[in-house]
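First comes the structure, then the notes that go with it.
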2 protein chains.
Amino acid sequence: MLEASAFLRAEKKRLTPQRSLLLGIIRQHGHLDADEIYRLARRENPRLSLSTVYRTLNLLKELGLVEELHLGEEHHHYEAKAEEHHHLVCLSCGKVIECRLTEDLRELGRRHGFTMVSAQVELAGYCADCRKQGENDP
Amino acid sequence: MLEASAFLRAEKKRLTPQRSLLLGIIRQHGHLDADEIYRLARRENPRLSLSTVYRTLNLLKELGLVEELHLGEEHHHYEAKAEEHHHLVCLSCGKVIECRLTEDLRELGRRHGFTMVSAQVELAGYCADCRKQGENDP
DNA sequence: CCTCTAATTGCAAATGGTTCGCAATAGCGT
DNA sequence: ACGCTATTGCGAACCATTTGCAATTAGAGG
Ligand SMILES: [Mn+2]
Ligand SMILES: [Mn+2]
Ligand SMILES: [Zn+2]
Ligand SMILES: [Zn+2]
């Protein structure tokens, strides 16, 4: 069920039911935090522990299968790693728009003599829908 | 010593020695975290408490005098608010290049139908100096 | 399949950053 | 100077995350 098994075997790691469950959940949702992942996973496996969630998250990060997002909040969010992309967060409805700004950002760095390798970017503002719908906080 | 007193009076807040000490420290250093601020401040006032540091940091944020940075680490960093700017962090020497990308970023948002209000941006990569100095991690 | 062993789990307790309750202290308008 | 109220220092509480440890289990080898 998981090509992840290749990644795991390559490092003497084991493919446990907990790990496939968690990776599955992360892959079918976006921007989950550890606790949301935990709650979703427990519906399948009520004995799962929160430590296992965190340990698995760290493992999947190391394997490059999952990415940790530092959105403005005090805790982290996670998503399955796909193409690099960035986040535009609507201050009114909370929607998170994903878009790929990599090349544009690299160019901005270049203008300052900087060779960008990766970018952590979060724009806060208003989405088109909310902008239409009347005067929100300016 | 502080035009901050105007901001404070305007909200029934008091100008205490702790507050001026802390603001002074934040103003003469860049990117300090709470604990670094605490240690520096204690050299002047050894009885200062860490709670006061955090409370003051929150107050100064509200007053718009200090900005909280969410750099990759697990704790926050703070700096005196000046013009909005962004950070390019060198993976080799750790240097933080500051530059103003606001208008460029706003334009990137606009292309996705988004009205940007503020941006949290951190590019990771290599500064000009380190790039010259030989092959570091690609 | 069965065995063996190292990797993994669940649980509880420890962390590290940040916040809170409270009684004592001290700004500041009068 | 006085008094009211904001602020402080202290300890304990909090929340996200990590860790120690004994019990469980994946999966390599027979
Ligand atoms: Mn969240
Ligand atoms: Mn730091
Ligand atoms: Zn919106
Ligand atoms: Zn450098």
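Every value quoted in this text rests on a predicted model; they were computed, and no experiment measured them. Lettering follows sequence order; numbering is per chain, from 1.
- L48(B) places its CG atom 12 Å from the C1' atom of dT7(D), with the value rounded to the nearest Å.
- Counting only distance, with no hydrogens or angles, the side chain of H86(B) and the backbone of L101(B) share a donor-acceptor pair below 3.5 Å.
- As judged by a 4.0 angstrom heavy-atom cut-off over every strand, D35(B) is placed among residues making no nucleic acid contact.
- H70(A) and H76(A) have parallel rings, their planes meeting at less than 30° on a 0 to 90° scale where 60° marks the start of perpendicular.
- Side-chain contact of H29(A) with H31(A): a donor-acceptor pair under 3.5 Å is absent, judged by distance alone.
- When the side-chain nitrogen and oxygen atoms of R19(B) are compared with OP1 and OP2 of dT7(D), one or more of them lie within a distance under 4.0 Å.
- Protein atom CZ of R39(B) is 14 Å distant from nucleotide atom C1' of dG17(C), rounded to whole Å.
- Within the 4.5 Å cutoff, side-chain heavy atoms of Y38(A) are placed close to those of R42(A).
- Following rounding to the nearest Å, N58(B) (CG) and dT18(C) (C1') show an atom-to-atom distance of 9 Å.
- For E68(B) and K12(A), each mapped to the nucleotide of DNA chain C holding its nearest heavy atom, the one lying further toward the 5' end belongs to K12(A).
- Ion pairing between a basic and an acidic side chain is recognised when a charged N comes within 4.0 Å of a carboxylate O; R39(B) and E36(B) show no such pairing.
- Although no hydrogens or angles enter the test, the distance criterion places no donor-acceptor pair under 3.5 Å between the side chain of R27(B) and the main chain of A80(B).
- We find that CG of L22(A) is positioned 12 Å from C1' of dT9(C), with the value rounded to whole Å.
- Protein atom CG of L57(B) is 14 Å distant from nucleotide atom P of dC20(C), rounded to whole Å.
- Checked by atom type and distance alone, the side chain of H85(B) pairs as donor or acceptor with a backbone atom of E83(B) at under 3.5 Å.
- Candidate nucleotides dA16(D), dG10(C), dG9(D) were compared by shortest atom distance to the side chain of R47(A), and dG10(C) ranks first.
- The main-chain N or O of T52(A) is found under 3.5 Å from a side-chain atom of T56(A) such that the two form a donor-acceptor pair.
- Atom P of nucleotide dT9(C) and atom OH of Y38(A) are separated by 14 Å, given to the nearest angstrom.
- Distance CG (L21(B)) to C1' (dT7(D)): 15 Å, rounded to an integer number of Å.
- Note that the two end axes of the helix from dC1(C)-dG30(D) to dG17(C)-dC14(D) enclose an angle of 30°, each drawn from 5 base pairs, rounded to 10 degrees.
- Counting only distance, with no hydrogens or angles, the side chain of R19(B) and the backbone of R14(B) share a donor-acceptor pair below 3.5 Å.
- Taking 4.0 angstrom as the limit, Y54(B) places none of its side-chain polar atoms (N or O) nearer than this to OP1 or OP2 of dT19(C).
- Between dT17(D) and H76(A), a contact under 4.0 Å exists linking OP1 or OP2 to a side-chain N or O.
- Within 6.0 Å of CZ in R9(B) there are 12 or fewer heavy atoms belonging to other residues, nucleotides or ligands.
- Within the structure, every side-chain polar atom (N or O) of Q18(B) is placed at least 4.0 Å from both OP1 and OP2 of dA26(C).
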Completion exercise
Per-nucleotide protein contact along nucleotides 19-30 of chain D, 5' to 3', at a 4.0 Å heavy-atom cut-off (B base, S sugar-phosphate only, - neither), is BB----BBS---

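- When heavy atoms are screened at a 4.0 angstrom cut-off, L50(B) is found touching base atoms of the nucleic acid.
- Atom CG in L59(A) sits about 15 Å away from atom C1' in dT18(D), given to the nearest Å.
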